[in-house]
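Let me begin by presenting the structure, written as structure tokens, before commenting on it.
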Amino acid sequence: MKYILLPYLLGLLPFFSITSQNRLNLGVCGRWGTLNPSLLHTLAGDVVLSNQFDPLVGINDSGAIAPLAARSWIISDDFRKFTFLIDTSRRFSDGSPLTAGDFKRSWERALALNPMSANNSLQDVLYDLVGFEEAKKTETISGISAPNSETLILEFRNPFRMALSHLGGVRFSAYKEVDGGFVGTGKYSIRSVNETELELTPNRHTDEASRLVPVALRYLPGKALDEAFGQGNLDAWIYGFADELTEETRSDKNLSVVTGLEGVHKIIDVNG
């Protein structure tokens, strides 16, 4: 049976590992753009990079915030201090262990980069940290500290009740630059073949590596995605829109469609 996942995949690639194939061929209708998580600026990029990079927290099947790269956390009564216990058993795909310092380094490094969109969403959280204003001069944020490998402390100037929700984004993952590319602690390691193709290789340092298969991911715009799928060249879409399905595809009884989030919406902004 083939699958279309709508509107996007978040950590669902292991779902396909039950197949006997040596490789999965997946398609996506949007461009992922950069492979640097801190510069992420597209929905398709969020879909793709969520399989390589882990933020501190994620969202479980019930829609609640759940541990990811952080085992647990303590929030002060005034919502100004967040203390995270990092899961140091996690390994980057180069084999190095994850530490609290990797988050501090990744975020501070990201602020020095030129954003690839008008909205530098890293600042949704970092702007209110103690010492943010001096970061451009000092290249460090005093409100982010890692007193040891397992402890990450964030200190905000004002109460920040929504901090956990914001920190769940892929942009706030820890990453390393290795041999001109980026590595994370997620289930896969991603390599760019060209502007429209990626190779995803299981991160052999994860507990799930033995049951995962390599993935070939291709960008195909609009109807081309449905055509490739219909011809049997793809095992699944991992991001697409229902109105791009042909009637033939819709009527295929062997096709399962998995929708994500609340659904797909179209908006007409008259004077936008």
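Everything numeric here is computed off the predicted structure, so don't read it as measured data. Values reported hereafter were calculated over all heavy atoms of this structure, with side chains retained and with hydrogens, waters and symmetry mates removed.
Inter-residue side-chain proximity for Arg23 and Val213 is flagged as unmet; no heavy-atom pair is nearer than 4.5 Å. Using a 4.5 Å heavy-atom threshold, the side chains of Phe132 and Leu111 count as touching. Side-chain contact between Val48 and Leu198: present, with at least one pair of heavy atoms (C-beta onward) separated by less than 4.5 Å. With contacts defined as side-chain heavy-atom distances shorter than 4.5 Å, the pair Leu49/Ile190 qualifies.
Separation of the Trp107 and Phe172 ring centroids falls under the 6.0 Å cut-off. With ring centers used as reference points, Phe92 lies 6.0 Å or more from Tyr175.
Listed here is the closest heavy atom pair of Leu98 and Asp87: CD2-O, 3.8 Å. Shortest non-hydrogen contact noted between Gly131 and Ser142 is CA-OG, 3.5 Å. Heavy atoms only, all atoms of each residue included: Leu68 and Gly58 are closest at CB-N, 3.9 Å. Listed here is the closest heavy atom pair of Pro55 and Gly168: CG-O, 3.4 Å.
The main-chain N or O of Val47 is found under 3.5 Å from a side-chain atom of Asn51 such that the two form a donor-acceptor pair. When atom types are taken as modelled, the side chain of Thr138 and the backbone of Thr140 share a donor-acceptor pair closer than 3.5 angstrom. Side-chain atoms of Arg218 never come within 3.5 Å of backbone atoms of Gly27 as a donor-acceptor pair (strictly under, hydrogens ignored). Of the possible donor and acceptor atoms, one in the side chain of Asn203 sits under 3.5 Å from a partner among the backbone N and O of Gly186. When atom types are taken as modelled, the side chain of Thr99 and the backbone of Ser149 share no donor-acceptor pair closer than 3.5 angstrom.
Asp54 and Thr185 form a side-chain donor-acceptor contact under 3.5 Å, judged by distance and modelled atom types alone. Side chain to side chain, Asn148 and Glu150 fail the donor-acceptor criterion of an N or O pair below 3.5 Å.
A chain of hydrophobic side-chain contacts below 4.5 Å, direct or via other Ile, Leu, Val, Met, Phe, Trp or Tyr residues, connects Leu39 to Phe53. Leu126 and Ile153 sit in two unconnected hydrophobic clusters of ILVMFWY residues. Membership requires side-chain heavy atoms under 4.5 Å apart, directly or through other members. Hydrophobic clustering places Leu129 together with Ile86 (ILVMFWY residues linked when any side-chain heavy atoms are closer than 4.5 Å, directly or through intermediates).
Between Tyr219 and Trp32, the angle of the ring planes goes over 60°, which puts this pair in the perpendicular group of the 30/60° scheme.
Annotation: salt bridge (Lys or Arg N to Asp or Glu O under 4.0 Å) contacts of Asp128 (sequence neighbours excluded): Arg157. For Arg31, the salt bridge (Lys or Arg N to Asp or Glu O under 4.0 Å) criterion is met by no residue, not counting sequence neighbours. Considering only residues two or more places apart in sequence or on other chains, Arg105 meets the salt bridge (Lys or Arg N to Asp or Glu O under 4.0 Å) condition with Asp102. Listed by chain and number, the residues in a ring pair (Phe, Tyr, Trp, His ring centres under 6.0 Å) with His166 are Phe160 (sequence neighbours excluded). Judged as a salt bridge (Lys or Arg N to Asp or Glu O under 4.0 Å), and not counting sequence neighbours, the contacts of Glu199 are Arg191.
Going from atom CG of Asn25 over to atom CG of Asn233 covers 8.0 Å, rounded to the nearest 0.5 Å. Note that CG of Leu154 and CG of Leu164 are 9.5 Å apart. Values are rounded to the nearest 0.5 Å. The OG atom of Ser173 lies 6.5 Å from the CZ atom of Phe103; values are rounded to the nearest 0.5 Å.
A salt bridge links Glu208 with Lys187: the closest approach of a Lys/Arg side-chain nitrogen to an acidic carboxylate oxygen falls below 4.0 angstrom.
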Report the C-alpha separation of Leu167 and Phe84 in whole Å, then their side-chain angles, then the decisive distance to 0.1 Å, and conclude whether the side chain to side chain contact (heavy atoms under 4.5 Å, CB included) test is met. CA-CA 12 Å; Leu167 290 169; Phe84 296 90; 3.8 Å; yes
Kindly indicate, with the supporting measurements, whether the criterion side chain to side chain contact (heavy atoms under 4.5 Å, CB included) is fulfilled by Ser189 and Leu200. CA-CA 6 Å; Ser189 175; Leu200 281 71; over 6 Å; no
Can you give each donor-acceptor pair under 3.5 Å made by side-chain atoms of residues 176-184, sequence neighbours left out, with the distance rounded to 0.1 Å?
| residue | atom | partner | partner atom | Å |
| --- | --- | --- | --- | --- |
| Lys176 | NZ | Ser96 | OG | 3.0 |

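The cationic atom of Arg80 (NZ for Lys, CZ for Arg) does not lie both less than 6.0 Å from the six-membered ring centre of Phe156 and within 45° of the ring axis.
Surrounding CG of Asp77 are at most 12 heavy atoms belonging to other residues, nucleotides or ligands under 6.0 Å away.
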